[in-house]
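Worksheet: the structure to be examined is printed underneath.
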Amino acid sequence: MRCKSRPAEDQPSMQSLISQVRNEIARALVIAIGEDARGVDPLVKPATDAKFGDYQCNVAMSLGKTLGRKPRDVAQAVVDGLGDSTLFEAPEIAGPGFINLRLRTERLSTSLEEVPSIADVESDRLGISLVTGEERRRVIVDYSSPNVAKEMHVGHLRSTVIGDVIARVIAFQGHEVIRQNHLGDWGTQFGMVILALWHLCMRKHQGESVEDFQGVTAKLTDPTLDAEARLSLLKQRARIHQDNLNRDPTGDVEFHPYLTALEPSFETLLPLYRYVSAIEKAAKGLSDEALLIHNSETGQSQHLSELSRYVAAMLQGKTDRSNEQERAAWFKAKEATLVVCSGIYRQLGVLLEDGDICGESFYQPLLHEIEVNGERLPGVVDEVKLILAPPGKEADGMRAVCREDQGAICVFLEKPDGTPCFKGPEGDALPMLIEKSDGASLYATTDIAGILYRVAHATENPVQLHIPRLREQLATLGGGLGADRVIYVVGAPQKLHFQMLFPTAHATGWTRKGDRSVQLEHVAFGSVLGEDRKMLKTRSGDSIKLKSLLDEAVDRARNLVGDMQKDPNRTTDLSPEEVENVANIVGIGAVKYADLCQNRNTDYVFSWDKMLAMQGNTAPYMLYAYARIRSIYRRGAESAPFDADVRNASLQLNEPAERDLALAVLRLPDTIDAVGEQLMPNYLCDYLYGLAGKFMVFYENCSVLKAPDAATYASRMRLCDLTARALRIGLSLLGIRTLEKM
RNA sequence: GCGCCCGUAGCUCAGUUGGAUAGAGCAACGGUUUCCUAAACCGUAGGUCGCAGGUUCGAAUCCUGCCGGGCGCGCCA
């Protein structure tokens with residue numbers, strides 16, 4: 001409920017500690033040095049060691065240099081400028097010119113006392129203020145990106161989990177967040193799914209079951225199979241394909257009626273898709289007449305390994321065939337996949353919903369199209385060609401030039417002196433291809449169109465487009481999202497792609513929004529490795545399915561809880577329902593936390609034992625810390641109620657453990673801001689681990705329920721409550737629910 | 001060949017963008033329970049931050065060159 005009598009600035013809010021310190025120092029700097037010092041970065045950091053205080057200011061060393069004064073003298077001048085601060089104790093100058101700052105303990109207690117007592121657990125933000133006005137941005141977070149007709153595997157885990165944290169953190173700061181799931185639902189994918197469905201339809205003529213297709217797939221992917229046997233198998237499959245095609249060359253007799261009635265399930269679609277994929281991979285590069293499939297209807301022949309690409313091109317309007325049924329079937333296949341993905345998102349506890357799906361196919365209207373009469377309807381590539389026509393446009397310190405090369409439409413990125421920014425293996429310039437020589441679109445084409453859609457806005461960013469059709473198509477998509485920041489959570493191997501994509505996008509000028517530029521950021525991450533330090537695979541060499549990974553995590557957590565329950569020393573006992581809940585939250589939380597607590601840039605080694613350990617920087621440890629606090633709370637409520645005396649208690653931070661814990665709680669907003677800027681979820685994990693550690697020390701040294709007096713009891717109870725809330729908020733930003741008991 | 005990322009304790013990893021004596025967890029050794037959850041806590045030991053130069057008051061961090069590992073490099077996504 002809004003409280004209209006109180007102006008916004010008087011709302012109790014937990015202000016960023018470090019910015020308060022910075023402001024004080026900045027003010028002192030102007031007093032000490034004069035107006036020249038206005039705007040100088042005060043170089044305030046958390047102290048490297050508790051004995052140096054809480055924060056340190058390193059500005060004297062750098063300023064001493066530029067001013068030609070002794071750093072210690074500059075430090076003294078800054079300290080004099082601070083005067084009697086209400087924020088710090090008397091600062092100390094140390095070493096070459098460090099200014100050590102220790103916050104007044106009263107300041108810590110009053111800051112925490114201002115935090116409103118909790119009203120609604122779900123919307124609790126510990127009084128941390130929201131960004132408003134100019135500061136508030138519209139941010140798109142593009143993550144997860146599964147593919148149609150494929151199962152999600154561990155490779156999707158990191159994008160999904162990291163992207164979700166980024167979306168949550170930025171939304172918590174108060175920005176407008178648009179989550180987008182860039183589903184792989186176009187291009188070759190499309191062709192492969194339709195081919196799979198075609199096999200599913202025609203298999204009856206050979207009397208083959210889905211299992212038979214699986215058998216062929218297994219043989220083709222068997223590394224021990226010799227080349228001759230593989231070729232012979234491929235020839236046999238090619239013959240079957242040819243027979244089936246001859247039976248129904250237009251698709252009108254059998255295939256289209258089949259598609260119209262189709263209700264595909266993911267379980268039947270998947271093996272057929274794998275079959276198509278295995279056939280094409282095995283046949284690639286083999287030149288043999290017997291691997292050519294001839295279509296009597298079109299008079300054309302296609303190599304076995306090129307079939308899906310041909311089908312995809314055909315269905316994308318490159319031929320004059322009607323393809324309504326295929327598109328409808330494609331849509332159904334997509335739906336079947338999404339049901340499975342949604343299940344995983346629910347189990348994983350991520351925010352992505354069906355409404356966040358904005359896959360590759362969504363941007364197709366912005367791409368060029370070939371009409372039935374062969375006329376080219378221009379699209380985004382034509383627009384780029386116009387804007388970046390030689391001599392091109394400057395952006396990010398390079399020059400982007402769009403021109404045709406070897407029949408393909410390319411964007412070349414060059415340094416100011418004309419040398420290429422990117423090179424291929426022969427040392428020749430490596431362009432970004434945005435249209436293939438056969439006129440088809442690529443990954444980069446969709447991404448360029450995606451940027452246009454995400455960045456343009458009818459009123460906020462009215463991008464001027466030269467191609468009237470592109471303008472119209474954009475309008476049919478609503479005119480664009482008008483983003484201020486677009487974040488791509490995509491694996492590190494695609495770094496080169498984004499290094500070419502972003503400067504190209506900036507060169508078009510679309511990303512200039514008002515007086516600033518839209519931020520395009522690639523949040524790269526390393527691979528998940530097995531204990532053998534190679535990409536995590538099953539023993540048979542397949543990538544591990546996300547679903548089975550999550551199920552195993554819950555199973556392992558359940559066993560762990562079961563073992564703990566048998567311990568006679570334990571004071572808590574859990575009902576079967578509670579055990580199941582603990583197993584779910586601990587198991588899934590462990591998988592997510594293990595991923596998030598690692599610096600995302602590096603590969604990480606997946607280890608069940610480490611992620612489920614109770615000690616160290618793990619989800620179980622963090623959840624245990626929270627459960628311990630809640631246990632105190634429950635017991636306290638029995639004997640000494642958590643009433644107004646506690647909610648309004650003044651905080652007494654006399655013990656070092658109490659003060660350390662209070663300071664840690666107050667650092668939450670700084671941590672959230674750091675994650676929002678640098679997009680590093682492990683900073684938040686580090687913070688929470690530190691906070692939990694501080695609580696453990698407090699727990700061992702400062703008894704709450706047996707506090708020496710009522711005032712200390714109330715103060716410690718309140719500190720426990722604040723700590724629990726900080727942990728709960730932090731974990732919820734990581735997408736991990738907390739447990740009252742475990 | 002070129003580009004990107006990485007190399008930190010026996011192992012797995014932090015290190016908030018240049019700060020003081022480089023930190024955790026595991027493994028090893030020692031201690032803590034009539035006391036709010038011992039799934040915990042405290043302590044000890046363990047380092048030429050791959051190597052060699054350079055930049056400066058100050059480098060794990062920035063620059064150069066090597067060595068070792070991973071990934072990427074035109075019509076796939």
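Numbers restart at 1 for each chain; the letters A, B, ... are given by sequence-line order, proteins then strands.
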- Contact class for A:Cys57 (heavy atom, under 4.0 Å): base, sugar-phosphate, or nothing? nothing

- Message: Are B:A20 and A:Phe52 stacked, with the base six-membered ring and the side-chain ring centres under 5.5 Å apart and planes under 30°?
- Response: yes

- Message: Using a 4.0 Å heavy-atom cut-off, does A:Pro425 contact any base of the nucleic acid, only the sugar-phosphate backbone, or nothing at all?
- Response: base

- Query: For residues A:Asp609 and A:Ser607, is any side-chain donor paired with an opposing acceptor at under 3.5 Å?
  - Reply: no

- Message: Applying a 3.5 angstrom cut-off to the pairing atoms, does RNA chain B sit in any stems of at least three consecutive Watson-Crick or G-U pairs? List them by first number.
- Response: B:1-5 with B:69-73, B:10-13 with B:23-26, B:28-32 with B:40-44, B:50-54 with B:62-66

- Mind telling me whether A:Trp330 and A:Phe190 have parallel, tilted or perpendicular rings, with 30° and 60° as the class edges? parallel

- Message: Determine whether a donor-acceptor pair (one donor, one acceptor, N or O, separation below 3.5 Å) exists between the side chain of A:Gln56 and the base of B:A20.
- Response: yes

- Query: Starting at CG of A:Asp609 and ending at P of B:A27, how long is that distance when rounded to a whole Å?
  - Reply: 10 Å

- Query: Judged by modelled atom types alone, do A:Asn701 and A:Glu655 share a side-chain donor-acceptor pair under 3.5 Å?
  - Reply: no

- Item | Cation-pi check, A:Arg667 onto A:Tyr55 ring (under 6.0 Å, within 45° of axis) | yes

- Residue mapping more 5' on RNA chain B - nearest nucleotide basis, A:Arg309 or A:Met535: A:Met535

- Message: Any base atoms under 4.0 Å from A:Glu677, or only sugar-phosphate, or nothing? Heavy atoms, all strands.
- Response: nothing

Every protein N/O lying under 3.5 Å from an N/O of nucleotides 60-64 of chain B:
none

- Contact state string [nucleotides 12-18 of chain B, B base, S sugar-phosphate only, - no protein heavy atom under 4.0 Å]: SSSSSB-

- Task: Assign A:Met564 to base, sugar-phosphate, or nothing according to its heavy-atom contacts below 4.0 angstrom with the strands shown.
- Result: base

- Could you tell me which residues satisfy side chain to side chain donor-acceptor pair (under 3.5 Å) with A:Arg102, sequence neighbours excluded, listed by chain and number? none

- Task: For A:Glu426, report the nucleic acid contact type (base, sugar-phosphate, nothing); a contact means any heavy atom under 4.0 Å.
- Result: nothing

Return the polar atom pairs (N/O with N/O) between nucleotides 55-58 of chain B and the protein under 3.5 Å, or none.
unit_1: B:U56; atom_1: O3'; unit_2: A:Lys65; atom_2: NZ; d: 3.4
unit_1: B:C57; atom_1: OP1; unit_2: A:Lys65; atom_2: NZ; d: 2.4

- Message: On the side chain of A:Asp447, is there an atom forming a donor-acceptor pair with the base of B:A77 - under 3.5 Å, no angle test?
- Response: no

- Could you check whether A:Ala492 gets within reach of a base, just the sugar-phosphate, or nothing at all, counting any heavy atom under 4.0 Å? nothing

- Message: Taking any heavy-atom pair under 4.0 Å as a contact, classify A:Ala94: base, sugar-phosphate, or nothing.
- Response: base

- If you take atom types as modelled and just measure distance, does the side chain of A:Asp428 reach the base of B:G74 with a donor-acceptor pair under 3.5 Å? yes

- Item | Under 3.5 Å side-chain donor-acceptor pair for A:His368 and A:Glu435 | yes

- Task: Have a look at A:Val675 and say if it touches a base, only the backbone sugar-phosphate, or nothing, with a 4.0 Å heavy-atom cut-off.
- Result: nothing

- In numerical order, the residues of residues 611-618 of chain A whose heavy atoms come under 4.0 Å of RNA chain B are A:Met614, A:Gln615, A:Gly616

- Query: When the ring planes of A:Phe606 and A:Tyr604 are compared, do they come out parallel, tilted or perpendicular, using 30° and 60° as the limits?
  - Reply: tilted

- Is the distance between the ring centroids of A:Tyr143 and A:Tyr488 less than 6.0 Å? no

- Message: Tell me whether the ring of A:Phe422 lies stacked over the B:G3 base, given a 5.5 Å limit on centroids and a 30° limit on the plane angle.
- Response: no

- Query: Across the strands shown, which category fits A:Lys741 at heavy-atom distances under 4.0 angstrom: base, sugar-phosphate, nothing?
  - Reply: base

